[in-house]
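What follows is a single structure, written as C-alpha cells, with notes after it.
Order of the sequence lines fixes the chain letters, A, B, ..., with proteins taken first and strands second; residue numbering starts at 1 for each chain.
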Amino acid sequence: MGHRHHRALTARLVFLPQPLLVCGRVSRVLPRRGLMRLSRYFLPILRETPKEAEIVSHRLMLRAGMIRQEAAGIYAWLPLGLKVLNKITDIIREEQNRAGAVELLMPTIQPAELWRESGRYDAYGKEMLRISDRHEREMLFGPTNEEMVTEIFRAYVKSYKDLPLNLYHLQWKFRDEIRPRFGTMRSREFLMKDAYSFDLDQAGARHAYNRMFVAYLRTFARMGLKAIPMRADTGPIGGDLSHEFIILADTGESEVFCHQDYLGFAVPPADTDFEDAAGLQGLVDHWTSRYAATSEMHDAAAFEAVDAASRVSARGIEVGHIFYFGTKYSAPMGATVTGPDGQERAVHMGSYGIGPSRLAAALIEAGHDDDGIIWPDEIAPFHVMLLDLKTGDGATGAACDTLYKALTLRGLDVLHDDRDERAGAKFATADLIGIPWQVLVGPKGLASGKVELKRRATGERELLSIEEAVARIAG
RNA sequence: CGGGGCAUAGCGCAGCCCGGUAGCGCAUCUGCUUUGGGAGCAGAGGGUCGCAGGUUCGAAUCCUGCUGCCCCGACCA
C-alpha cells in the first residue's frame with residue numbers, strides 16, 4: 001500500500017468542500033450549487049405524455065424530466081428528480097438523527113448464507129432477485145436488511161450497556177415485483193430508508209418504536225404532508241406495534257378510513273425529548289387515539305361508532321411502515337447481549353421504513369394541478385425560478401442576474417430560465433416543474449422598475465420592485 | 001403467474017384488413033418575421049418499420065417463433 005496512493009489521496013482531499021453543517025438552509029444549499037442557467041442545465045421536458053404513464057405522478061415525472069425508465073420498474077433519476085430525492089433524504093436524515101438513530105451504509109448485494117440463517121432465503125420466493133458471482137456463490141440483491149444489520153450487530157454488541165441502538169441506512173433495494181407499475185410509486189428498484197432498533201426487552205423496544213413513530217410524524221409534516229398513522233397487520237408477532245403512515249391523496253392506491261381529528265393534530269415540535277419515554281408514549285397515544293385504518297384492517301362497526309361528521313373515508317398512499325418484531329431475527333441469528341443480571345438474551349428488534357423514491361411520486365399525487373407539479377417549499381428542486389421573458393433584451397437579463405445574486409446570497413436555490421424561448425413556453429415549463437416561486441422579468445414591468453412575483457401553488461401574482469421581491473421570497 | 005393490448009423518427013400517432021420500397025403533428029437544424037401563456041412562414045435533417053425465421057418476383061403489411069413494454073387481476077414499501 002504505497003506511499004504514492006497516500007499522497008494522491010491527500011492531494012484530492014484538499015479539494016473536497018468543507019463538511020456540511022447538519023442544520024440550516026444556507027449550509028445545505030450553497031456548496032452544491034453552480035450557476036443554474038437553464039440553457040446550461042439538463043432538463044429534458046416532454047411536451048406530450050408518453051403513453052405508458054397512467055397515473056398523474058408518473059406522467060408528470062416523465063414530462064418534467066425527473067426520471068427515465070430503463071426497464072420495467074427500473075428508473076434513472078435525472079438531475080431534477082435527483083434534487084427532489086435529495087431534498088427528501090435530507091429531511092429524513094435530519095429527523096432520524098434527531099430521534100437518535102445512527103446512519104451507516106450496507107451493501108446492495110448480500111450473501112445468500114445470511115438469509116439461510118434466518119430461514120428467509122427459501123421463504124422469500126421469486127420477489128428476491130437471486131444472482132451468483134463468478135465463483136458460483138449464491139448472492140442476492142437485497143430487498144431489505146434485517147439479516148445483515150443483525151449480523152453487524154451481533155458481531156460487535158455484547159452488553160446491555162450498549163443499548164438502546166438504532167442503526168439506519170438509505171440504500172437501493174430490489175424486489176422483483178410480478179407487476180411493477182405507477183412509475184416510481186411501485187418500482188422494482190427503489191430507495192428505502194430502513195432503520196433497525198435493538199433493545200434489551202420489549203419495554204425498551206416500545207420506546208424505540210415510539211421514537212421512530214414521532215420522527216415519522218415530523219418527517220412527513222416537514223414535507224408538507226398530512227400523514228396519518230394507521231394500525232397495520234403485525235403478522236405472527238401480534239401486539240399493537242405496527243403502523244403504516246398514510247397520506248391522503250385523491251388518486252391514492254388504497255381506500256382508508258379515519259377520524260377527522262387527525263387532520264388537525266399538532267405535530268410534535270423539533271425540541272421533543274426523545275429520551276423521555278413517558279412523554280413519547282403520550283404523543284403516540286394521542287396520535288393513535290382516534291379511528292384510523294386501511295381497508296385491510298378496516299372495522300366497519302368501529303368506524304360507524306365515530307360520529308358521522310367526523311368520518312373521513314378517502315384514498316391514501318402508504319409512505320412509511322414501522323413495526324416491532326421481537327426476537328424473530330435475533331434469536332435464530334444469535335444476536336444476544338448480556339443483561340444486568342448476567343443472563344444472555346436475544347435482543348428485541350423493530351424496523352422502520354420510508355421509501356423516498358415512492359415519496360417523490362406521492363408528493364406529486366398530493367400536489368399538482370392541470371398545469372403540472374406543485375412542490376412544497378421544503379421539497380422543491382429549486383426554490384425560485386427566474387423567467388427572463390425577453391432574452392437578449394439586456395435589461396431583463398441584467399435584472400435576472402441581480403435577482404439571482406440576491407436570492408442565492410440568501411441561501412435560496414435558484415433556476416434562471418435564460419433559454420431563447422417565448423414567454424409562453426417559459427410559463428408552461430415553470431408551471432410544469434412546479435417551482436414554488438416564479439419571478440417574471442419582462443420589459444413591460446421593468447419599464448416601471450417592477451417584476452412580477454408568482455406563487456405556483458395559488459397562482460397569486462404581485463408587481464414588486466426587485467428588492468421587494470427578494471424580501472418577499474426570502475421571507 | 002392468468003387475462004387483454006401495444007411495438008413504425010426524440011415524443012404522440014397514421015399506414016397493415018386489401019403486399020409494390022414509409023407518412024402526419026410536435027420536437028430538432030437553417031433563415032426571415034415575431035416576442036407576457038407552449039408563435040408564423042420558408043427550407044432541411046432524421047427511421048435496420050422490436051428481433052429471428054418463413055411465404056412471395058416483392059413484406060411495415062401475410063404466417064410462425066421470440067423479446068420488450070403497458071393495462072386488469074392476485075402480490076407488495
Side-chain angles (χ1 to χ4, degrees), chain A residues 44-55 58-59 62-63 65 68-75 124-128 142-145 170-195 216 227 232-233 235 242-247 252-254 294 296 316-323 351-362 370-372 387-393 396 417 419-433 438-447 450-452 454 459 461 463:
Chain A
I45 59 169
L46 269 32
R47 196 163 165 172
E48 285 172 276
T49 303
K51 64 177 174 186
E52 73 268 18
E54 191 70 10
I55 63 167
H58 190 195
R59 284 203 300 267
L62 290 168
R63 287 199 54 213
R68 163 97 187 152
Q69 180 171 324
E70 295 299 339
I74 298 178
Y75 294 84
Y124 217 90
K126 302 189 81 167
E127 263 198 15
M128 184 190 292
T144 178
N145 282 68
L170 279 140
Q171 179 62 290
W172 293 91
K173 304 291 192 292
F174 195 94
R175 291 183 192 171
D176 201 356
E177 298 277 344
I178 294 167
R179 188 184 160 209
R181 61 181 121 176
F182 304 149
T184 66
M185 184 82 83
R186 176 85 180 281
S187 50
R188 291 195 291 173
E189 188 185 54
F190 59 99
L191 187 59
M192 185 156 98
K193 184 288 297 180
D194 38 329
Y216 276 32
D233 191 3
S242 179
H243 287 88
E244 291 179 355
F245 286 76
I246 307 276
I247 62 164
E253 56 195 340
S254 54
T294 57
E296 303 94 60
I317 300 170
E318 181 186 348
V319 290
H321 195 165
I322 60 178
F323 49 94
S351 76
Y352 315 90
I354 296 180
S357 50
R358 154 173 270 228
L359 256 175
D370 290 344
D371 295 323
L387 283 65
D388 183 343
L389 299 185
K390 192 168 183 180
T391 44
D393 172 79
T396 55
D417 188 350
R419 293 173 305 162
D420 186 17
E421 290 284 347
R422 297 168 65 87
K426 296 193 178 190
F427 294 142
T429 297
D431 287 346
L432 174 63
I433 67 174
Q438 296 172 17
V439 185
L440 319 189
V441 184
K444 283 184 191 171
L446 277 190
K450 306 278 189 181
V451 294
E452 191 169 351
K454 177 183 164 185
R461 297 148 177 268
L463 270 179

Report yes if at least one side-chain N or O of [X] is closer than 4.0 Å to OP1 or OP2 of [N]; otherwise report no.
X      : N     : answer
A:Q69  : B:C70 : yes
A:R422 : B:G37 : no
A:K51  : B:C6  : no
A:R179 : B:C72 : yes

- Measuring from A:K454:NZ to A:L387:CG, what's the distance to the nearest 0.5 Å?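 Separation between the atoms: 9.0 Å.
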
Let me know the distance between [atom1] of [X] and [atom2] of [N], rounded to the nearest Å.
X      : N     : atom1 : atom2 : value
A:Q171 : B:A77 : CD    : P     : 18 Å
A:R181 : B:C69 : CZ    : C1'   : 15 Å
A:E127 : B:C76 : CD    : C1'   : 6 Å
A:R63  : B:G12 : CZ    : C1'   : 12 Å
A:E253 : B:C75 : CD    : C1'   : 13 Å
A:F182 : B:C72 : CZ    : C1'   : 10 Å
A:L387 : B:U35 : CG    : P     : 19 Å
A:L46  : B:G25 : CG    : C1'   : 15 Å

Identify the nucleotide, in any strand shown, that forms a Watson-Crick or G-U wobble pair with [N], with both distances under 3.5 Å; if there is none, say none.
N     : answer
B:C13 : B:G23
B:C62 : B:G54
B:C29 : B:G43
B:G73 : B:C1
B:U67 : B:A7

Name the nucleic acid region contacted by [X], choosing base, sugar-phosphate or nothing; use a 4.0 angstrom heavy-atom cut-off, strictly under.
X      : result
A:G353 : nothing
A:K126 : sugar-phosphate
A:L389 : base
A:E177 : base
A:K193 : nothing
A:A428 : base
A:R68  : nothing
A:I45  : base

I'd like to know if the side chain of [X] and the backbone of [Y] have a donor-acceptor N/O pair within less than 3.5 Å.
X      : Y      : value
A:K426 : A:R419 : yes
A:R188 : A:E177 : no
A:Y216 : A:Y352 : yes
A:T396 : A:V441 : no
A:R358 : A:I317 : no
A:S357 : A:F190 : no

Counting side-chain heavy atoms from C-beta on, which of [options] comes nearest to [X]?
X      : options             : value
A:A72  : B:C70, B:C72, B:A77 : B:C70
A:K390 : B:A77, B:C70, B:U35 : B:U35
A:R461 : B:G36, B:C1, B:C76  : B:G36
A:D431 : B:G36, B:G37, B:C76 : B:G37
A:L440 : B:G36, B:A77, B:C72 : B:G36
A:E48  : B:G12, B:C71, B:A77 : B:G12
A:P443 : B:C75, B:G36, B:C71 : B:G36
A:E52  : B:C1, B:C70, B:C11  : B:C70
A:A71  : B:C69, B:G73, B:G36 : B:C69
A:P50  : B:G36, B:G12, B:A77 : B:G12

- side chain to side chain contact (heavy atoms under 4.5 Å, CB included) between A:R175 and A:T144, worked out: CA-CA 9 Å; A:R175 291 183 192 171; A:T144 178; 3.8 Å; yes

Spacing of the [atom1] atoms in [M] and [N] (rounded, Å):
N     : M     : atom1 : answer
B:U28 : B:U64 : P     : 42 Å
B:G20 : B:C49 : C1'   : 16 Å
B:A59 : B:U21 : P     : 12 Å
B:C18 : B:G12 : P     : 29 Å
B:A44 : B:G25 : P     : 13 Å
B:G40 : B:C26 : P     : 7 Å
B:A52 : B:A7  : C1'   : 16 Å
B:G5  : B:A9  : C1'   : 23 Å

- Query: Could a donor-acceptor pair under 3.5 angstrom be found where the side chain of A:R186 meets the base of B:C76?
  - Reply: yes

- Item | From A:E70, A:R68, A:Q69, residue fulfilling side-chain hydrogen bond (donor to acceptor under 3.5 Å, both in side chains) relative to A:Y75 |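 Among A:E70, A:R68, A:Q69, the one that satisfies the side-chain hydrogen bond (donor to acceptor under 3.5 Å, both in side chains) with A:Y75 is A:Q69.
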
- Item | Position toward the 5' end of RNA chain B (nearest nucleotide), A:T429 or A:G73 |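 Mapping each residue to its closest nucleotide by heavy atoms, the 5'-most match is A:T429.
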
- Message: Let me spell it out: for each of A:L463 and A:G355, pick the nucleotide of RNA chain B with the closest heavy atom. Which residue's pick is nearer the 5' end?
- Response: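 Nearest-nucleotide comparison on RNA chain B picks A:L463.
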
- Message: Would you say A:S351 and A:H321 are linked by a side-chain donor-acceptor pair, where the criterion is simply a distance under 3.5 Å?
- Response: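 Looking only at side-chain atoms, A:S351 and A:H321 do not form any donor-acceptor pair under 3.5 Å.
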
- Identify whether a stacking contact exists between A:F427 and B:G36, where the ring centres must be under 5.5 Å apart and the planes under 30° apart. no

